[in-house]
Amino acid sequence: MKCNDTLAKLFHKQGLKYPPQDIYVRSFKSNNEMEIWARDEDTAAYKLVKKYRVCALSGILGPKRLEGDHQVPEGFYFIEDFNPKSDFYLSLLINYPNYSDLILGDKNKPGGDIYIHGGCVTVGCLPLTDQFIQEFYVLCLNAKLNGQNYIPVHIFPTRFDRTGLNFLGKMYKDETEKHRFWVNLKAGYDYFERHRRILPVMYNPDGKYVF
């Protein structure tokens, strides 16, 4: 009830209904940020409701490709399961590996069990503080109970603005494969920045996202 009261105030401030029926999660690894967006109708533009601080990060920028590489995935996912009895207080499973990851990652051991969870420790997941994971968990559960079976979670290395692109160009200038992958992700990022809407996640046979 405490979380619902807090969340309801945030949603109503943006002119949105609560409990929600359509939320969207967007995370930026280098910024340690997770954004919550929502809308009331599937034809409406999303509105930003809240930003959470991701309190720990493992690995480096770039996609997850192998079990045990400690990488946080990058790409377009959705919440697949809820775990109220997690070792990390509360957790929500994302559907890594998706089709793109299965094609581009290790064919035998691409890894798995990637969660948004509490506890502020990680070896490849997205951890929040226990206070924030409680609020986030309640929010996502309410959206699911309100009819949203697939809550999208898009994970980017950084914001693909001028500052972010300059950073990637400087720090990863010789990593052609990563840049090719990031250009693909940027197409989805740019569409949302222009329209405040997201596109269906589709792939070509090579594992590239198609928009």
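Nothing here was measured: the structure is a model prediction, and the numbers come from that model.
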Determine the interplanar angle of the Tyr46 and Tyr24 rings, folded into 0 to 90°, and report it as parallel if under 30°, tilted if 30 to 60°, perpendicular if over 60°.
tilted
Who are the side-chain contact (heavy atoms from CB on, under 4.5 Å) partners of Leu141, not counting sequence neighbours?
Phe82, Tyr137, Leu145
Describe, in one word, how the ring planes of Phe76 and His154 are oriented to each other, choosing from parallel (under 30°), tilted (30 to 60°) and perpendicular (over 60°).
perpendicular
With sequence neighbours left out, the residues meeting salt bridge (charged side-chain N to carboxylate O under 4.0 Å, His left out) with Lys208 are none
Considering residues at least two apart in sequence or located in another chain, which fulfil the salt bridge (charged side-chain N to carboxylate O under 4.0 Å, His left out) criterion with Arg196?
Glu193
Contacts of Ile103 meeting side-chain contact (heavy atoms from CB on, under 4.5 Å) (sequence neighbours excluded), chain-then-number -> Tyr99
Asp113 and Tyr96: side-chain donor and acceptor closer than 3.5 Å?
no
May I ask you to say whether Glu135 pairs ionically with Lys2, meaning some side-chain N is under 4.0 Å from a carboxylate O?
no
Name all pairs fulfilling the ring pair (Phe, Tyr, Trp, His ring centres under 6.0 Å) condition that reach into residues 112-134, sequence neighbours left out, sorted by first residue then second.
Tyr52-Phe132, Phe88-His117
Between the main-chain N or O of Ile60 and the side-chain N or O of Gln71, is there a donor-acceptor pair closer than 3.5 Å?
yes
Once side-chain hydrogen bond (donor to acceptor under 3.5 Å, both in side chains) is applied, do any residues pair with Tyr89, and if so which ones, sequence neighbours excluded?
Gln134
Are the side chain of Lys29 and the backbone of Val72 linked by a donor-acceptor contact shorter than 3.5 Å?
yes
Name the orientation class of the two ring planes belonging to Phe160 and Phe156 (parallel below 30°, tilted from 30 to 60°, perpendicular beyond 60°).
perpendicular
Should the pair Asp69-Lys64 be classified as a salt bridge under the 4.0 Å nitrogen-to-oxygen rule?
yes
Is there a donor-acceptor contact under 3.5 Å from the side chain of Asn146 to the main chain of Pro20?
yes
Under the disulfide bond (SG atoms under 2.5 Å apart) rule, collect the residues that match up with Cys55, sequence neighbours excluded.
Cys120
Here's one to test your reading of the geometry: is the NZ or CZ of Arg194 within 45 degrees of the ring axis of Tyr189 and under 6.0 Å from its centre?
no
Quick check: closest heavy atoms across Leu185 and Gly75, and the distance to 0.1 Å?
CD2-CA, 3.8 Å
Taking only residues two or more places apart in sequence, or in another chain, which ones meet Phe78 in a side-chain contact (heavy atoms from CB on, under 4.5 Å)?
Glu80, Asn95, Tyr150
For Asp190, the side-chain hydrogen bond (donor to acceptor under 3.5 Å, both in side chains) test, sequence neighbours excluded, returns Lys186
Residues forming a salt bridge (charged side-chain N to carboxylate O under 4.0 Å, His left out) with Lys144, sequence neighbours excluded
none
What residues, two or more places apart in sequence or in another chain, satisfy salt bridge (charged side-chain N to carboxylate O under 4.0 Å, His left out) together with Glu33?
Arg159
Would you tell me whether Tyr209 and Asn204 have side-chain atoms, one donor and one acceptor, within less than 3.5 Å of each other?
no
Set of residues satisfying side-chain hydrogen bond (donor to acceptor under 3.5 Å, both in side chains) with respect to Ser58, sequence neighbours excluded:
none
For Arg39 and Asp42, indicate whether the former's side chain and the latter's backbone hold a donor-acceptor pair under 3.5 Å.
yes
Do any N or O atoms from the side chain of Asn166 and from the backbone of Thr163 form a donor-acceptor pair under 3.5 angstrom?
no
